[in-house]
Amino acid sequence: STQALYSHFTGVRRAPQLSPARDGVQLPYPPEDAAVHHIFDGGWVWLLHFNNGITSSGVAATTPLVEEINIAEGHAAWMRLLARIPALADQFSSVKPVLGFTHLPQLSFRSGRVAGERWALLPSAAGFVDPLLSTGFPLTLLGISRLAAAIDDHWGRRTLAEQLHEYASQTHDELDATARLIAALYANMNHFAAFRAISLLYFAAASYAETARRLDKPHLAESFLLHRDPRFGPASRALLDRARHGIAPHESADFVHEVLRAIEPFDVAGLCSQRSLPWYPVEAADLQQAAWKLSASHEEIARMLERSGFYPALTR
């Protein structure tokens, strides 16, 4: 149950604590050249710096924060929010809105019916949970892929109706899987160690699935968040159900350990490596070392990286 308030601004300052080099770690680009999320108890703020000097920013907030800042008041509510977060207040101290504020009184929705005779909704029209992890993109791409396959293989046949029914079932199931993940993250926005661990469930599943598809092995990751995988699905769901009401501080170490144990067989991005800072570099060595998890050879991984432009980028 979340609401949103957002607008576009000019004059948003870069955050000094997000410099390209920090604590001896050299980052490949300034973090604010990508999406930045500011997480706090009760919601989160996004910052999207466009290349024309405009920044899109807004807040997704749960009911207590909505009521505290009176979110429906637009600009006045935004100023009350900034007053709660000094780092953001400094970034927005000299801004000018270039659009009016938009208030969404309900972010999440689910359509009552996803498909019928000779029609189907894309996942983006079937339902939405939250923009926190941009899950709408992969959900919709999966939906397009499935509908294209159904049309290609079953058009003009009675089996098309069965395929559309299965598509609707998959779409509903994946919205539920997404909702479990987002709910667990919201429940732990005041507990960074738990929030970070929960996010690794998403990044492990996403990086594994994307790599499998780039290797032309989509059968290894047929469901979003691997929720239908017989190993990852039950383990992930149990952890998310456990986290839904918040992980207590004294349970943190055990919870993080259980998350790492669940993702290890699917970790192709070095997410299980112990590091003091939460930076995860993109390194070919991680994929090569995890090739066996994808039933792939080192040569297959090398060819995939070459096709994707990874190696030429290194040489440049």
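The pair R13-E32 fails the salt-bridge criterion, with no side-chain N (NZ, NE, NH1 or NH2) lying under 4.0 Å from an Asp/Glu carboxylate O. A salt bridge does not link R242 to E251: none of the charged nitrogens lies less than 4.0 Å from a carboxylate oxygen. A salt bridge links E258 to R261: at least one charged side-chain nitrogen sits closer than 4.0 Å to a carboxylate oxygen.
Test R303, Q289, Q288 against H298 for side-chain hydrogen bond (donor to acceptor under 3.5 Å, both in side chains) and you get one pass: Q288.
For A193 against V256, the heavy-atom pair with the smallest separation is O-CG2, 4.0 Å. In terms of heavy atoms, S223 sits closest to R228 at OG-N, 2.9 Å. The nearest pair of heavy atoms linking F128 to L107 is CD2-O, 3.2 Å. In terms of heavy atoms, S57 sits closest to V45 at OG-CG1, 3.7 Å.
Residue pairs satisfying the salt bridge (Lys or Arg N to Asp or Glu O under 4.0 Å) criterion with at least one member in residues 95-118, sequence neighbours excluded, are listed as follows: R110-D176.
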**OP:** Could you please spell out the steps behind the side-chain hydrogen bond (donor to acceptor under 3.5 Å, both in side chains) verdict for S108 and Q106?
**Re:** CA-CA 6 Å; S108 59; Q106 179 68 40; 2.9 Å; yes
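Here L225 contributes atom CG and L201 contributes atom CG; the two are 9.0 Å apart, rounded to the nearest 0.5 Å.
Residue N52 places its CG atom among more than 12 non-hydrogen atoms of other residues, nucleotides or ligands, all under 6.0 Å distant. H165 NE2: 12 or fewer foreign heavy atoms inside a 6.0 Å radius.
With hydrogens and angles ignored, the 3.5 Å screen pairs a side-chain donor or acceptor of T178 with a backbone N or O of E174.
Ring to ring, W78 and F9 are close: their centroids are under 6.0 angstrom apart.
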